[in-house]
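Some notes on the structure that comes next.
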Amino acid sequence: MKKIVCNTYEDVCRFAADIFAQQIKDKPDSILGLATGSTPIGLYNELIRRSEAGEIDFSAARTFNLDEYFPIKASHPQSYKSFMEKHLFSKVKFANTRIFNGEAANPHAECAAYDAEIEAAGGIDLQLLGIGVNGHIAFIEPDTSYPLGSYLVNLAEDTLEANSRFFTDGEEQPVTALSTGLSTIFRARHLIMLVSGTNKVEIIKKLFEGMIHTDIPASLLHLHPNVTVIMDKAANGE
Ligand code: F6R
């Protein structure tokens with residue numbers, strides 16, 4: 001696991017954008033794994049800027065998102081579908097974009113279909129990740145055992161609390177979600193995790209103490225041969 005510490009969040013985003021640009025240059029029809037949350041927004045803005053400037057052409061690339069609340073209507077302002085439309089897909093053209101269907105009649109069948117689509121695409125070339133304050137990646141919440149494939153997850157208390165900032169009063173916050181499983185994440189050829197801000201200091205310290213903790217999903221990534229964690233000084237406790 002490679003650790004890159006940048007001065008600022010803006011530097012984190014530019015560094016990550018360079019990795020996306022190189023990936024698309026090397027393989028225009030890349031399969032990209034995308035994330036939501038606050039951290040990737042700056043990266044998406046940078047990708048939009050470069051795409052509009054003609055510096056990157058995503059038109060042959062396909063994307064799969066890591067997770068989606070369940071159940072949630074696609075049109076709900078806090079669905080990850082809405083998030084991606086707002087922050088990236090309405091401004092950058094991809095060959096195809098795919099997010100778990102938060103309205104699926106059968107969530108388990110949706111998970112199986114999702115995994116099969118990623119498999120048929122040949123797996124993820126470049127996977128973007130964030131990290132939860134509890135060490136989750138995607139919505140793989142701390143546990144003692146983990147399904148290999150995508151699954152319906154009960155969101156952890158700390159995740160619900162951290163994400164409650166997005167839901168306004170009276171808006172019901174889903175307590176379950178569909179998440180990509182460890183198998184898809186581990187088969188991704190390159191993983192980049194973006195981390196920003198002082199609320200991530202504790203989990204970053206724990207992540208880099210040189211141990212695998214079964215109840216910290218992100219620490220399992222030490223077993224992957226190609227992970228780059230890109231953080232700002234604030235997240236590194238500087
Ligand atoms: C969302 C996802 C989550 C977030 C994590 C950090 O698609 O995969 O694991 O990356 O919850 O979220 P932020 O960036 O809001 O701190």
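On a predicted model such as this, the values are computed, not experimentally measured, just so you know. In what follows, every heavy atom counts, from backbone to side chain, and hydrogens, waters and symmetry copies are set aside. As the structure lists them, so they are numbered: ligands from 1, and atoms in each ligand from 1.
Considering only non-hydrogen protein atoms, atom 6 (C) of ligand 1 sits nearest to Ile131 O, 3.3 Å. If you check which protein heavy atom lies closest to atom 15 (O) of ligand 1, you get Ser38 N, 2.8 Å. Counting only heavy atoms of the protein, atom 1 (C) of ligand 1 lies nearest to Thr36 OG1, 3.2 Å. Among all protein heavy atoms, the one lying closest to atom 7 (O) of ligand 1 is Asp67 OD1, 2.6 Å. Of all protein heavy atoms, the one lying nearest to atom 3 (C) of ligand 1 is Ala138 O, 3.5 Å.
Between His76 and Ile72 there is a side-chain heavy-atom pair separated by less than 4.5 Å. Here the side chains of Phe64 and Thr180 are not in contact, with every heavy-atom distance at 4.5 Å or above. Looking at Lys233 and Val5, their side chains come closer than 4.5 Å, going by heavy atoms from C-beta outward.
Side-chain contact, Thr176 with Asn154: no donor N or O sits under 3.5 Å from an acceptor N or O.
Close placement of the Tyr69 and Phe167 rings is indicated, their centers lying within 6.0 Å of each other.
Those atoms of ligand 1 with a heavy atom of Gly130 less than 4.0 angstrom away are 10 (O). Of all atoms in ligand 1, listed by their number and element, those nearer than 4.0 Å to a heavy atom of Leu66 are 8 (O). With ligand atoms numbered from 1 in the order given, ligand 1 contributes 15 (O) to contacts under 4.0 Å with heavy atoms of Arg165. Taking every non-hydrogen atom of Thr39 and a distance limit under 4.0 Å, the qualifying atoms of ligand 1 come out as 13 (P), 14 (O), 16 (O).
Note that Lys3 lies in the cation-pi zone of Phe208, set by a 6.0 Å cut-off to the ring centre and a 45° limit from the axis.
Not one N or O of Phe139 is nearer than 3.5 Å to an N or O of ligand 1, by distance alone. Considering both main-chain and side-chain atoms, His136 comes within under 3.5 Å of ligand 1 through a nitrogen or oxygen pair. For ligand 1, the polar-atom distance check against Lys200 finds a nitrogen or oxygen pair separated by under 3.5 Å.
In terms of hydrophobic clustering, with Ile, Leu, Val, Met, Phe, Trp and Tyr side chains grouped at heavy-atom distances under 4.5 Å, Ile41 and Met84 are assigned to a common cluster. When hydrophobic clusters are built by joining Ile, Leu, Val, Met, Phe, Trp and Tyr residues whose side-chain heavy atoms come closer than 4.5 Å, directly or via intermediates, Leu66 is not grouped with Val133.
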